[in-house]
Number of protein chains: 2
Amino acid sequence: MLEKNSSIPLYNQLIDVLIEYIKMNLNDDEKMLSEREICLKYDVSRTTVRAALNELEEMGYIFKRHGKGTFVSGLWKEMQNLSDAYSFTEQMKQMGKVPHTQVVSLEELAANQFVAKHLGVEEGERVYKMKRLRSAEDMKMMYETTFIPAYLFPDLTISKLESMPLYELFPRLYNQDIKYADEEFYASVLQEKESEKLGLPAGSACLRIRRTTYSQENEIIEYTLSVARGDQFVYKIRHSKK
Amino acid sequence: MLEKNSSIPLYNQLIDVLIEYIKMNLNDDEKMLSEREICLKYDVSRTTVRAALNELEEMGYIFKRHGKGTFVSGLWKEMQNLSDAYSFTEQMKQMGKVPHTQVVSLEELAANQFVAKHLGVEEGERVYKMKRLRSAEDMKMMYETTFIPAYLFPDLTISKLESMPLYELFPRLYNQDIKYADEEFYASVLQEKESEKLGLPAGSACLRIRRTTYSQENEIIEYTLSVARGDQFVYKIRHSKK
DNA sequence: GAGTGGTCTAGACCACGGT
DNA sequence: CCGTGGTCTAGACCACTCC
């Protein structure tokens, strides 16, 4: 069942095993094996069991009650996305659509005050600025303006940009691994010029998004301003009470 | 420094102590004490230290590098809200405003199919439906329609509703502790009737929000539909790469 | 090789919920 | 009272980074 000498941590293997166990044996709100029972059944320490159970709780598979036990949550079926996906490509795939990106422009320029501030670089430093129109099945979904520091991405070209999604290009071509991305968004209406780009009437509902992406080294590797069709983007978030 | 026999868990105390230590002694990106150094300095086990450090990492105070050490993140200054607050009251306080709520209506009725589905109750079951206009310093911010199951909240009255925020009323008067809330939201524009209620022109940008709140017992205790001024609500979320 | 974070063990005591 | 999850210990070995 569990491979003790695998390169995959035991608690990680245990997660998969327990998910399988739940699916095969238990229904919603039924009582799960106790922590000590799991220790015996799979011959691991309680620390390992609790590490696995904590992740399962975060994932929504189970919930715990002090003094009573652990129970199957029955919520994991509905909660597909809850905005795990932060890339356009992933979002579209979750919506069951085929994403497409057209690179409208790519230029190298010196950072002005605004760009410098949001990319965390010095004013005057070289940066790339690109504009992209993002579609799904012939519907124009979103228009993005992205800034990235030039020194992290030498010799960036449109053909490279078009070869793969940005969030694959970062790690694969430039060894920049993403740690997390912060997004701010708010409702707005389309201005005239934007409405032309998206093929919608001016004044249509839209979502404006500002995204800052950080590398594993805690450097900002991307700052993007987006405007997205209001009728196509529904964000889902879960607020957990501590 | 740490009280070993406090009712507060050691790792929880340690979190506060370490935050203080960081603020007093370290700047951004500086190297933090190693885990084993913290063990010695505060006389606790490494398990306890790691529990505290994991929370600090989630909070954004520090980041770890395998083989190198733990470092101060320097991001905890900016990231105030990131939508931790899911109640209107908390959100307004974070924005430095004084929230006010006017209960427009409160009625008890039988759940129709729509309400039954979203509250997870049977059709025909008694539910409360309330409408509330929410303001901050004389600006009308958001209009909410809320459904809650009646059997969980016997003898609910407008005066009770007006006495405290809903999310205080749940635990304090009805012993209903909140576990988490799921929100969906998307951009839209105000319809005529809504525009009157919020005192804005029809066609103004707005955010439409659907919220489902769950109790510790995994029951739905609230379903709310909101429409909020687009120019006043900015949501922030962090997508962590796993 | 020395130091770091990552994983894991075996065992202990506590606080809570039910009998 | 017993079984549950919550906290904590002391110690072990591994994988990674840097010298």
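Computed over heavy atoms, backbone and side chain alike; hydrogens, waters and symmetry mates excluded. As the structure is a prediction and not an experimental result, all values here were calculated from the model. Protein chains get the first letters and strands the later ones, always in sequence-line order, with residue 1 at the start of each.
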Quick one: are the ring centres of A/Phe185 and B/Phe185 less than 6.0 Å apart? yes
With 3.5 Å as the limit, what N/O pairs link the protein to nucleotides 15-19 of chain D?
| residue | atom | partner | partner atom | Å |
| --- | --- | --- | --- | --- |
| D/dA15 | N3 | B/His66 | NE2 | 2.9 |
| D/dC18 | OP1 | B/Lys68 | NZ | 3.4 |

Around atom CD of A/Glu107, are there more than 12 heavy atoms from other residues, nucleotides or ligands closer than 6.0 Å? yes
For A/Gly69 and A/Thr47, find the nucleotide of DNA chain D closest to each by heavy atoms; which residue's nucleotide sits nearer the 5' end? A/Gly69
Taking only side-chain nitrogens and oxygens of B/Lys64, does any of them come within less than 4.0 Å of OP1 or OP2 of C/dT4? no
As a test of reading the structure: which of C/dA12, C/dG5, C/dT9 is closest to the side chain of A/Thr48, going by heavy atoms? C/dT9
Between P on C/dG6 and CD on A/Glu55, what's the gap in Å once rounded to a whole number? 14 Å
With no hydrogens and no angle check, do the side chains of A/Ser226 and A/Thr224 hold a donor and an acceptor under 3.5 Å apart? no
Within this structure, what is the CZ-to-P distance between B/Arg36 and D/dC13, rounded to whole angstrom? 13 Å
Measuring to OP1 and OP2 of D/dC8, would you say a side-chain N or O of B/Tyr11 lies under 4.0 angstrom away? no
d(CZ, B/Arg46; C1', C/dC8) in whole Å: 11 Å
Expressed as a whole number of angstroms, how long is the span from B/Leu33:CG to C/dT4:P? 10 Å
Length of the line joining A/Leu14:CG and C/dT9:P, which is rounded to integer Å: 10 Å
If you check every side-chain atom of A/Ser34, which of D/dG6, C/dT9, D/dT4 has the closest atom? D/dT4
Euclidean distance, atom CG of residue B/Asn5 to atom C1' of C/dC14 [Å, nearest integer]: 11 Å
Look at the side chain of A/Pro9 and decide which nucleotide, out of D/dT9, C/dC8, C/dG5, has an atom nearest to it. C/dC8
How would you label the contact of A/Thr70 with the nucleic acid (heavy atoms, under 4.0 Å): base, sugar-phosphate, or nothing? sugar-phosphate
Nearest non-hydrogen partners of A/Ala110 and A/Gly124, listed with the distance: CB-O, 3.5 Å
Residue met sooner reading DNA chain C from 5', once A/Val49 and B/Arg50 are mapped to nucleotides: B/Arg50
Give the rounded distance in Å between these two atoms: CG of A/Leu56 and C1' of D/dG5. 15 Å
Whole-Å distance, A/Ile62 CD1 to D/dG5 C1', equals 11 Å
Which pairs would a plain distance check flag for residues 5-12 of chain A, meaning a side-chain donor or acceptor within less than 3.5 Å of a matching protein atom at least two apart in sequence or in another chain?
| residue | atom | partner | partner atom | Å |
| --- | --- | --- | --- | --- |
| A/Ser6 | OG | A/Ile8 | N | 2.8 |

Check whether the side chains of B/Thr101 and B/Arg132 place a donor and an acceptor atom closer than 3.5 Å, and report yes or no. no
Would a distance-only check, ignoring hydrogens and angles, find a side-chain to backbone donor-acceptor pair under 3.5 Å from A/Lys31 to A/Val72? no
